[in-house]
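Here is the structure we will look at, set down as C-alpha cells.
These numbers come from a predicted model, not from an experiment. Excluded from the calculations below are hydrogen atoms, water molecules and symmetry mates; all remaining heavy atoms, backbone and side chain alike, are included.
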Amino acid sequence: MSTAVKGLVAYSHVNICVTDVEAADAFYIEKLGLEKLPRPDFGGFQGSWLRMGPSQLHLSKVDEMPDTAGSMSHFALYIPAEEFDSTMAELAERGVEFANEPSNREDFGVPVRSAFARDPDGNLIEFTDVALFG
C-alpha cells in the first residue's frame, strides 16, 4: 500500500472549464455566495478565481466543454450536517436548480446526505455533509 507524501495535506484549488466566464461568475457568486478574487493576467487566457472559506475555485474559459458523457465527473462542496437542510433551502431560494432531492446513503458506516446541481455549463456539483478529514 502506498502512502501520501507527507507535505501533501489539502487541495489549494479546483479548476473547472466554462464557456461563459460572466455567467459562471454570476452563478457561483450570486447563487452560491463565493467571493471574487483578483486573478493574475495569464496573457489573455480568460478565467476567474473565487474563494469559498479556505478553498478556491478557478474557472478557465474554453470554446467548447469537454465531453464527460458517461462519467460522473464532479466536485463536492462540504456543508456541516447541522446546516445541511437550511443551506439546501437557501440555495433553492437563490435559484439553484437541483438534479435530485437530497438523498441519504452510508459511506464507511457513516450516514451521508447529498444533493447535486449543475452550473450554467453543466459542471456537476455535489453538496454533501461528508465530514472533512484532518
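By the 4.5 Å heavy-atom criterion applied to side chains, Glu35 and Leu50 are not counted as neighbours. Val18 is not listed as a side-chain neighbour of Asp20, based on a closest heavy-atom distance of 4.5 Å or more.
Every residue was checked against the side-chain hydrogen bond (donor to acceptor under 3.5 Å, both in side chains) condition with Arg118, not counting sequence neighbours, and none meets it. In terms of the side-chain hydrogen bond (donor to acceptor under 3.5 Å, both in side chains) criterion, residue partners of Asp107 (sequence neighbours excluded) are, by chain and number, Arg105. The ring-ring contact (aromatic ring centres under 6.0 Å, His included) search around His74 returns Phe116, not counting sequence neighbours. Scanning for ring-ring contact (aromatic ring centres under 6.0 Å, His included) contacts around Phe84 gives an empty result, with sequence neighbours left out.
Hydrophobic clustering keeps Met52 apart from Tyr78 (ILVMFWY residues linked when any side-chain heavy atoms are closer than 4.5 Å, directly or through intermediates). Tracing side-chain contacts under 4.5 Å through hydrophobic residues (I, L, V, M, F, W, Y), one reaches Leu34 starting from Val21; they form part of the same cluster. In the hydrophobic clustering of this structure, Val62 does not group with Tyr28; members are Ile, Leu, Val, Met, Phe, Trp, Tyr whose side-chain heavy atoms approach within less than 4.5 Å, directly or through other members. Following chains of ILVMFWY side-chain contacts shorter than 4.5 Å, one can reach Ile125 starting from Val14, so the two form part of one hydrophobic cluster. In the hydrophobic clustering of ILVMFWY residues, with side-chain heavy atoms under 4.5 Å counting as a link, Ile16 and Trp49 come out apart.
Shown here for Asp129 and Ala81, the closest heavy-atom pair between the two residues is OD2-CB, 3.6 Å. Leu91 and Lys31 get closest at one heavy-atom pair: CD2-O, 3.6 Å. Across all their heavy atoms, Ser48 and Asp25 have their closest contact at OG-OD1, 2.7 Å. Across all their heavy atoms, Thr87 and Glu83 have their closest contact at OG1-O, 2.7 Å. Contact record, Ser114 with Glu126: CB-OE2, 3.3 Å, taken as the closest heavy-atom pair. For Ser73 against Leu124, the heavy-atom pair with the smallest separation is O-CB, 3.6 Å.
In this structure, Thr19 OG1 and Glu64 CD are separated by 10.0 Å, a value rounded to the nearest 0.5 Å. How far NE2 of His58 is from SG of Cys17: 13.5 Å, rounded to the nearest 0.5 Å.
Within the structure, side-chain hydrogen bond (donor to acceptor under 3.5 Å, both in side chains) pairs that include any residue of residues 37-46 do not occur (at least two apart or interchain).
Through ILVMFWY side-chain contacts below 4.5 Å, Val110 is grouped with nothing and stands alone.
Few gaps surround CD on Glu82; more than 12 heavy atoms of other groups in view lie less than 6.0 Å from it.
Ring pair Phe98/Phe127 is perpendicular by interplanar angle, where above 60° counts as perpendicular and below 30° as parallel.
Between the side chain of Asp121 and the main chain of Asn123, no donor-acceptor pair closer than 3.5 Å is present.
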Salt bridge (charged side-chain N to carboxylate O under 4.0 Å, His left out) assessment of Asp85 paired with Arg113: CA-CA 10 Å; Asp85 290 330; Arg113 298 192 65 202; 2.6 Å; yes

